[in-house]
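This structure is a prediction, so every number in the text was calculated from the model and none was measured. Order of appearance sets the numbers: ligands from 1, and atoms from 1 within every ligand.
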Amino acid sequence: MSEERIADGVWLLRGDLRKGMNIYFLEDADGVVQFDAGSRSMVKAARRAAQRLGGLKRVVLGHAHADHRGTAPYLDAPVHCHPEEVADAESDASIVPYMNISELPVAPVRWIYPLLLRRWDGGAVEIDDTVEDGDKVAGFRVFHFPGHAPGLIGLWRESDRLAIVSDVVYLIDSTRLRPLPDGEASVPHPAWAWDHAKAKESVRRLAALEPATVCAGHAEPLRGENLRSTLERAAEKY
Ligand SMILES: [Zn+2]
């Protein structure tokens, strides 16, 4: 398992279940910033990738769910997130209080998620500082995209219209634990949402940026001529 260069100064490390968990490395002065922290099983791979890329300067969490904070406590680097994600990041709970796993439509998927979330989780993360809408991270602008989580953030680079957005959109079907058909995207299922109406609004806000590439928290980057309409449709999925 090793990182793959997906854009100028951007590498993607995929790991865990069907290589479904994404960690991004962003070139910065004298090293890299890690965006999102995947699952606990990716600690070694993340450490090696950061070393190869010049050393880890800081970890920025897209949000604090178990499968996005898993490596963060083990990397000996400062960890940052949005102010509204600090409490969940620093909590021992692998399942955040607003998740309603019982709303998932497929019974075996409903049963397995609590086990998966505990396996993916690396436990509580000490947050050293916060990042907010409008801040800069390794040449990207931070966007606050609340909904799936209260302090969910994405990163945007105007020069190549690249959006790295954690779980603002899913490129997988979380209700059936399988990929979505190529080229499709979806707002995350309401079972996961802190505020589903806001989650839909955030997908529409991402659509309005007219990205050329969308890098999500799970599955390979989505590229295309008309991602705006793909994302506008995605906002209406649930
Ligand atoms: Zn999530």
Can you name the residues that form a ring pair (Phe, Tyr, Trp, His ring centres under 6.0 Å) with His144, not counting sequence neighbours?
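Result, ring pair (Phe, Tyr, Trp, His ring centres under 6.0 Å) vs His144: His82.
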With Tyr113, which residues qualify under ring pair (Phe, Tyr, Trp, His ring centres under 6.0 Å), at least two apart?
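So Tyr113 forms a ring pair (Phe, Tyr, Trp, His ring centres under 6.0 Å) with Trp192.
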Is it true that the NZ or CZ of Arg205 lies under 6.0 Å from the centre of Phe145's six-membered ring and within 45 degrees of the ring axis?
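That pair qualifies as a cation-pi contact.
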For Asp160, what residues pass the side-chain hydrogen bond (donor to acceptor under 3.5 Å, both in side chains) criterion, not counting sequence neighbours?
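Per chain and number, Asp160 pairs via side-chain hydrogen bond (donor to acceptor under 3.5 Å, both in side chains) with Arg157.
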For the residue pair Asp167 and His63, confirm or rule out a side-chain donor-acceptor distance under 3.5 Å.
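Checked: Asp167/His63 side chains pair up, N/O donor to acceptor below 3.5 Å.
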If I only include protein atoms of type N, O or S, how many are less than 2.8 Å from the Zn ion (ligand 1)?
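Under the 2.8 Å cut-off, the count stands at 4.
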Parallel under 30°, tilted from 30 to 60°, perpendicular over 60°: which one fits the rings of His68 and His65?
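Ring orientation of His68 relative to His65: perpendicular.
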